[in-house]
Amino acid sequence: MTAPDQPPSPDRLIDLLEEGAYEETVVCLERLGTADIDVRKRALRAARNVAQERPTRFEELAPSLSTFLTDEDRAVRLTTAKLFATLAEAEPAAV
């Protein structure tokens, strides 16, 4: 676990998604928004991998993930869009 003032690791996001811990996942996503660009991209790429295998884990997370669509970094926005495309293909109700 990370310190409260430090953004969580991408692995933490994946663990929460796999556990189905909705509230903790939302908090993790909020904290990832303050992470550096590389951490945000890695987390979103890892989330996309989970979305390909278990898209139902993302039900109700679209509002929290959508904040990354307006990220200051173009690569983060693109990675988020790819995540949403993956979700829409596998589980349209999730988006």
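Here the structure is a predicted model, which is why all the values come from computation and not from measurement.
Under a hydrophobic clustering in which Ile, Leu, Val, Met, Phe, Trp and Tyr are joined whenever their side-chain heavy atoms come within less than 4.5 Å, directly or via other members, L69 and L87 fall into the same cluster. One hydrophobic cluster, built from ILVMFWY side chains closer than 4.5 Å, cannot hold both L16 and V50; they sit in different ones. Under a hydrophobic-cluster definition in which Ile, Leu, Val, Met, Phe, Trp and Tyr are linked whenever side-chain heavy atoms come within less than 4.5 Å, directly or via other members, V27 and V39 are assigned to different clusters. Under the 4.5 Å side-chain heavy-atom criterion for Ile, Leu, Val, Met, Phe, Trp and Tyr, L78 and L29 are members of distinct hydrophobic clusters.
Applying the salt bridge (charged side-chain N to carboxylate O under 4.0 Å, His left out) test to residues at least two apart or on different chains, the pairs with a partner in residues 51-70 are E18-R54.
Interatomic distance, CG of L61 versus CG of L83, reported as 9.5 Å (0.5 Å rounding). The OG1 atom of T86 lies 8.5 Å from the CG atom of N49; values are rounded to the nearest 0.5 Å. Going from atom CG of L17 over to atom OH of Y22 covers 12.0 Å, rounded to the nearest 0.5 Å. Separation of atoms CZ (R77) and CD (E72) is listed at 9.0 Å; rounding is to 0.5 Å. Atom CG of residue L44 and atom CZ of residue F68 lie 5.5 Å apart, to the nearest 0.5 angstrom. Summarising the geometry, atom CD belonging to Q52 is positioned 8.5 Å from atom CD belonging to E89; distances are rounded to the nearest 0.5 Å.
Closest of all the heavy-atom pairs between A90 and A51 is CB-O, 4.3 Å. Of all non-hydrogen atoms in A47 and I14, the two that sit nearest each other are N-CD1, 3.6 Å. The minimum heavy-atom distance linking A88 with P92 is given by the pair O-CG, 3.3 Å.
Salt bridge present: D71 and R40 bring a charged side-chain N and a carboxylate O closer than 4.0 Å.
Considering E30, E24, R31 in turn, R31 is the only one that fulfils the side-chain contact (heavy atoms from CB on, under 4.5 Å) rule with P8.
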